[in-house]
Peer 1: 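I am attaching a structure below and will ask some questions about it afterwards.
Below, chain A is the first sequence line, B the second, and so on; all start at residue 1.
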Amino acid sequence: MPSFQTSPGTRDILPPDAARWREFNAIFADTVEAAGYGCIIPPMFEDAAVFHRIGEATDVVSKEMYDFQDKGGRHVSLRPEQTASVCRAYAQHRPTTPWKVWYTGPNFRYEKAQAGRYRQFDQVGIEALGVYDSALDVEVIALAWKFYQRLGLLNVQLFINSLGDDGDRERYVEALRNYFLSHADALTPEACQTLNKNPLRVLDSKRQGDAEIIAGAPKITEFLSDSARQHFEEVLEGLRVLGIPFTQNEHLVRGLDYYRRTTFEFVSTALESAQNAVGGGGRYDGLVKDLGGPDTPGIGFALGLDRTLLACDAEGVFGAPSSSVDVFVVDVVDGTYALSVTSELQDAGYSADRAFDARSMKAQMKSADRSGARFAIIIAQDEVARGSYTIRDMTSAQQQLVAKGDLVEFLTRNLGARTPRRHPS
RNA sequence: GUGGGCGUAGCUCAGUUGGUUAGAGCGCCAGGUUGUGGUCCUGGAGGUCGGGGGUUCGAGACCCCUCGUUCACCCCA
């Protein structure tokens with residue numbers, strides 16, 4: 001056993017998996033930037049009070065916060081999500097609206113790890129602030145849907161619900177509380193505890209014993225104001241226009257207290273583990289105001305990177321990219337030729353690797369094979385004397401001599417032209 | 001936080017009712033007429049059996065504690 005290993009709920013993402021993560025983020029960025037969302041990078045920790053706005057009664061705040069006092073006595077917390085940070089950023093910088101941003105990065109929750117759940121977990125997401133229009137709800141949901149499609153996921157189901165406005169939500173919660181209290185003897189003890197903290201979340205119970213009572217509970221739809229109801233209808237109609245299939249679920253309440261009106265969740269039906277929600281989001285029209293900013297509507301979603309990749313595995317799509325270099329330089333002279341040839345080829349835009357420690361030609365060829373390189377460039381005394389290097393095509397095993405000054409031209413002919421990525425001047 | 005399963009080589013795992021120097025496959029390294037990979041053959045390196053305590057003449061096997069991991073609950077992505 002090694003002396004040190006990763007802390008519980010954290011892990012190393014090694015190659016080639018990390019390359020897969022990068023690809024995941026790149027596809028996400030392409031998808032949402034095409035709709036006008038700009039990248040935002042909020043800090044990984046901030047004043048714990050920012051996150052308390054998520055809701056004191058939520059598990060995320062009451063028992064999962066990674067909070068501590070810093071050396072200056074400030075009470076800070078590692079972010080458990082990024083929505084609150086984005087709203088804090090909006091209140092702090094007051095950008096013009098609509099303000100549409102996207103993010104990626106790790107979040108932290110002190111939970112016990114299990115399949116698809118970690119203490120440090122990555123999410124990608126978008127937030128759009130300053131717009132009440134239901135068309136924005138549709139755009140946000142559609143972008144998540146589009147992204148899943150681009151990954152190749154087929155077995156993702158969209159559940160959607162409306163929690164109404166502030167007043168609707170309060171009246172509904174009250175009605176639920178009364179209903180559940182009158183049936184408290186038939187509920188599981190766990191559900192009764194939840195009832196004390198937040199009656200809404202009793203609806204979320206997966207326990208068999210609660211199913212019957214929940215089925216008879218009042219429906220949110222009966223409490224929606226006319227404007228909230230109309231807004232919701234418009235969202236559903238927009239989804240139909242785009243041909244995005246959805247299932248209305250009146251029990252979808254989600255665990256964060258700031259949600260208003262539209263809430264939605266993406267569930268992978270390919271996942272057999274308990275954590276099968278791969279993404280979720282909704283409107284949070286009061287959150288910016290709660291954080292001391294102007295009364296500003298907002299909507300967004302977050303997708304769990306780890307879970308979405310688990311879903312990809314379950315469906316056999318979006319595998320880790322195969323990593324390979326263009327050429328592998330085998331130098332059995334003294335290693336200095338490999339040094340300059342790899343450098344020269346890299347400057348020309350080709351990826352080139354080599355072996356170290358003056359290993360035998362056989363050993364170097366083995367490394368060349370493992371590197372996945374299409375060509376091995378072999379340099380021994382003979383080649384040095386001739387000023388031409390042996391190039392071996394690793395797939396056909398054909399070899400030929402190429403003058404050392406013609407290497408780039410040879411690769412251009414066989415692999416296509418390349419130029420290294422540079423910052424445009 | 002609660003409950004169940006599991007910790008033996010880098011990886012996947014064997015290891016008989018407790019009994020000598022703990023094994024295999026894969027991977028890695030080195031050889032197989034010294035200029036050549038992917039197949040094959042031979043050899044080699046690599047383990048304080050998660051850690052600590054206990055029972056015993058003797059523990060990788062049994063007991064306790066602990067740490068880690070995994071699955072589930074709770075909750076969430």
Side-chain angles (χ1 to χ4, degrees), chain A residues 1-11 14 54-55 57-64 80-83 104-125 144 188-191 193-194 197-198 201-202 204-210 252-256 265-268 271-281 301-311 328 330-333 355 357 359-373 375-384 389-399:
Chain A
M1 278 298 118
S3 305
F4 294 105
Q5 49 186 320
T6 48
S7 294
T10 70
R11 63 248 155 87
L14 305 172
I54 292 168
T58 63
D59 282 15
V60 169
V61 169
S62 64
K63 58 182 211 192
E64 297 168 3
E81 55 138 36
Q82 299 196 229
T83 303
T104 180
N107 305 304
F108 306 84
R109 293 182 195 172
Y110 196 86
E111 301 185 273
K112 200 153 174 183
Q114 70 184 75
R117 195 174 71 185
Y118 304 93
R119 287 185 175 174
Q120 177 178 334
F121 62 102
D122 273 61
Q123 288 182 331
V124 297
T188 60
E190 294 93 332
Q193 282 203 334
T194 310
K197 291 190 292 184
N198 186 342
R201 286 216 304 284
V202 176
D204 241 351
S205 166
K206 291 177 210 158
R207 290 171 292 267
Q208 281 294 320
D210 299 321
L252 177 66
V253 296
R254 308 193 45 73
L256 308 178
E265 190 166 280
F266 297 96
V267 170
S268 167
L271 284 179
E272 307 210 343
S273 52
Q275 315 305 332
N276 60 359
V278 292
F301 66 70
L303 312 183
L305 208 155
D306 318 84
R307 283 186 195 176
T308 304
L309 288 179
L310 285 177
F328 194 95
V330 173
D331 175 350
V332 288
V333 182
D357 293 334
R359 304 218 290 152
S360 69
M361 176 175 282
K362 176 173 175 153
Q364 292 194 46
M365 285 302 294
K366 204 165 181 174
S367 298
D369 187 44
R370 268 199 295 264
S371 75
F375 296 107
I377 298 178
I378 300 167
I379 307 171
Q381 285 300 349
D382 259 22
E383 282 79 1
V384 171
Y389 301 151
T390 298
I391 297 192
R392 180 181 180 88
D393 184 325
M394 296 299 280
T395 51
S396 69
Q398 300 286 308
Q399 295 194 173

Peer 1: So that I can compare with my own list, what are the stems of RNA chain B, taken as at least three consecutive Watson-Crick or G-U pairs with distances under 3.5 Å?
Peer 2: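 Stem segments, range with range: B:1-7 with B:67-73, B:10-13 with B:23-26, B:28-32 with B:40-44, B:50-54 with B:62-66.
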Peer 1: Using side chain to side chain contact (heavy atoms under 4.5 Å, CB included) as the criterion, list what pairs up with A:Ala113, not counting sequence neighbours.
Peer 2: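 Counting only residues at least two positions away or on another chain, A:Ala113 forms no side chain to side chain contact (heavy atoms under 4.5 Å, CB included).
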Peer 1: So what does A:Ala368 touch, heavy atoms closer than 4.0 Å: a base, only the sugar-phosphate, or nothing?
Peer 2: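 Nothing: the residue A:Ala368, judged by heavy atoms under 4.0 Å, touches no strand.
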Peer 1: Can you sort out the partners of A:Glu81 under salt bridge (Lys or Arg N to Asp or Glu O under 4.0 Å), two or more places apart, ordered by chain and number?
Peer 2: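 Scan of A:Glu81 (salt bridge (Lys or Arg N to Asp or Glu O under 4.0 Å), adjacent residues dropped) gives none.
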Peer 1: Select one nucleotide: of B:A72, B:C74, B:G37, the one nearest the side-chain heavy atoms of A:Ala274.
Peer 2: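 That would be B:A72.
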Peer 1: What I'd like to find out is whether the side chain of A:Gln364 reaches to under 4.5 Å of the side chain of A:Ile378, using heavy atoms alone.
Peer 2: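 A:Gln364 vs A:Ile378: side chains apart.
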Peer 1: Can you sort out the partners of A:Ser371 under side chain to side chain donor-acceptor pair (under 3.5 Å), two or more places apart, ordered by chain and number?
Peer 2: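 If we apply the side chain to side chain donor-acceptor pair (under 3.5 Å) test to A:Ser371, skipping adjacent residues, there are no hits.
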Peer 1: List for me each residue that meets salt bridge (Lys or Arg N to Asp or Glu O under 4.0 Å) alongside A:Asp122, sequence neighbours excluded, and say none if there are none.
Peer 2: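 For A:Asp122 there are no salt bridge (Lys or Arg N to Asp or Glu O under 4.0 Å) partners, ignoring immediate neighbours.
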Peer 1: Taking donor-acceptor contacts at under 3.5 Å, does the side chain of A:Glu383 reach the base of B:G35?
Peer 2: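 Pair found.
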Peer 1: Between B:G1, B:U69, B:A77, spot the one nearest the side chain of A:Ala277, thanks.
Peer 2: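 Minimum distance to the A:Ala277 side chain belongs to B:A77.
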Peer 1: Please enumerate all residues that pass side chain to side chain contact (heavy atoms under 4.5 Å, CB included) together with A:Asp393, with sequence neighbours excluded.
Peer 2: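 For A:Asp393, the residues satisfying side chain to side chain contact (heavy atoms under 4.5 Å, CB included) (neighbours in sequence not counted) are A:Arg374, A:Phe375, A:Thr395, A:Ser396.
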Peer 1: Mind listing the N/O atom pairs, protein and nucleotides 29-31 of chain B, below 3.5 Å?
Peer 2:
from  : atom 1 : to       : atom 2 : distance (Å)
B:C29 : OP1    : A:Arg359 : NH2    : 3.4
B:C29 : OP1    : A:Arg370 : NH2    : 3.1
B:C29 : O3'    : A:Arg359 : NH1    : 3.4
B:A30 : OP1    : A:Arg359 : NH1    : 3.2

Peer 1: Any idea which of B:G37, B:G3, B:G35 is nearest the A:Met365 side chain?
Peer 2: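 Output: B:G37.
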Peer 1: With A:Lys366, which residues qualify under salt bridge (Lys or Arg N to Asp or Glu O under 4.0 Å), at least two apart?
Peer 2: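 With sequence neighbours excluded, A:Lys366 shows a salt bridge (Lys or Arg N to Asp or Glu O under 4.0 Å) to no residue whatsoever.
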Peer 1: So do A:Arg119 and A:Phe108 actually touch side chain to side chain, heavy atoms under 4.5 Å?
Peer 2: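 Contact flag for A:Phe108/A:Arg119 side chains = no.
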Peer 1: Between B:G15 and B:G1, how far is it from one P atom to the other, in whole Å?
Peer 2: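 It works out to 34 Å between them.
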Peer 1: Give the nucleotide from the list B:A77, B:G37, B:C73 with an atom nearest to the side chain of A:Ala397.
Peer 2: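 The listed nucleotide nearest to A:Ala397's side chain is B:G37.
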Peer 1: Between the base of B:U36 and the side chain of A:Gln364, is there any donor-acceptor pair under 3.5 Å?
Peer 2: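 A donor-acceptor contact between them is absent.
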Peer 1: With hydrogens left out and only the distance checked, is there a donor-acceptor pair under 3.5 Å joining A:Arg117's side chain and the base of B:C75?
Peer 2: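 Under the 3.5 Å cut-off, the side chain and the base do form a donor-acceptor pair.
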Peer 1: Can you tell me which nucleotide in B:C74, B:G37, B:C71 comes closest to the side chain of A:Arg392?
Peer 2: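 It is B:G37.
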Peer 1: Determine the interatomic distance between C1' on B:C26 and the same-named atom on B:A45; round to the nearest Å.
Peer 2: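 So the two C1' atoms sit 16 Å from each other.
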Peer 1: Quick one: list whatever passes salt bridge (Lys or Arg N to Asp or Glu O under 4.0 Å) with A:Arg117, sequence neighbours left out.
Peer 2: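 Once residues adjacent in sequence are excluded, the partners of A:Arg117 under the salt bridge (Lys or Arg N to Asp or Glu O under 4.0 Å) criterion are A:Glu111.
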Peer 1: Let me know the distance between CG of A:Asp369 and C1' of B:G38, rounded to the nearest Å.
Peer 2: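 Rounded to whole Å, this separation is 5 Å.
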Peer 1: Is there a donor and acceptor pair closer than 3.5 Å between the side chain of A:Gln82 and the base of B:A77?
Peer 2: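 For A:Gln82, whose side chain was compared with the base of B:A77, there is no donor-acceptor pair (under 3.5 Å).
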Peer 1: Which nucleotide wins on minimum distance to the side chain of A:Pro8, given the candidates B:A72, B:U36, B:G68?
Peer 2: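 Given the options B:A72, B:U36, B:G68, the side chain of A:Pro8 is closest to B:G68.
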Peer 1: Select base, sugar-phosphate, or nothing to describe what A:Leu303 touches, counting heavy atoms under 4.0 Å on all strands.
Peer 2: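 Counting heavy atoms under 4.0 Å across all strands, no contact is made by A:Leu303.
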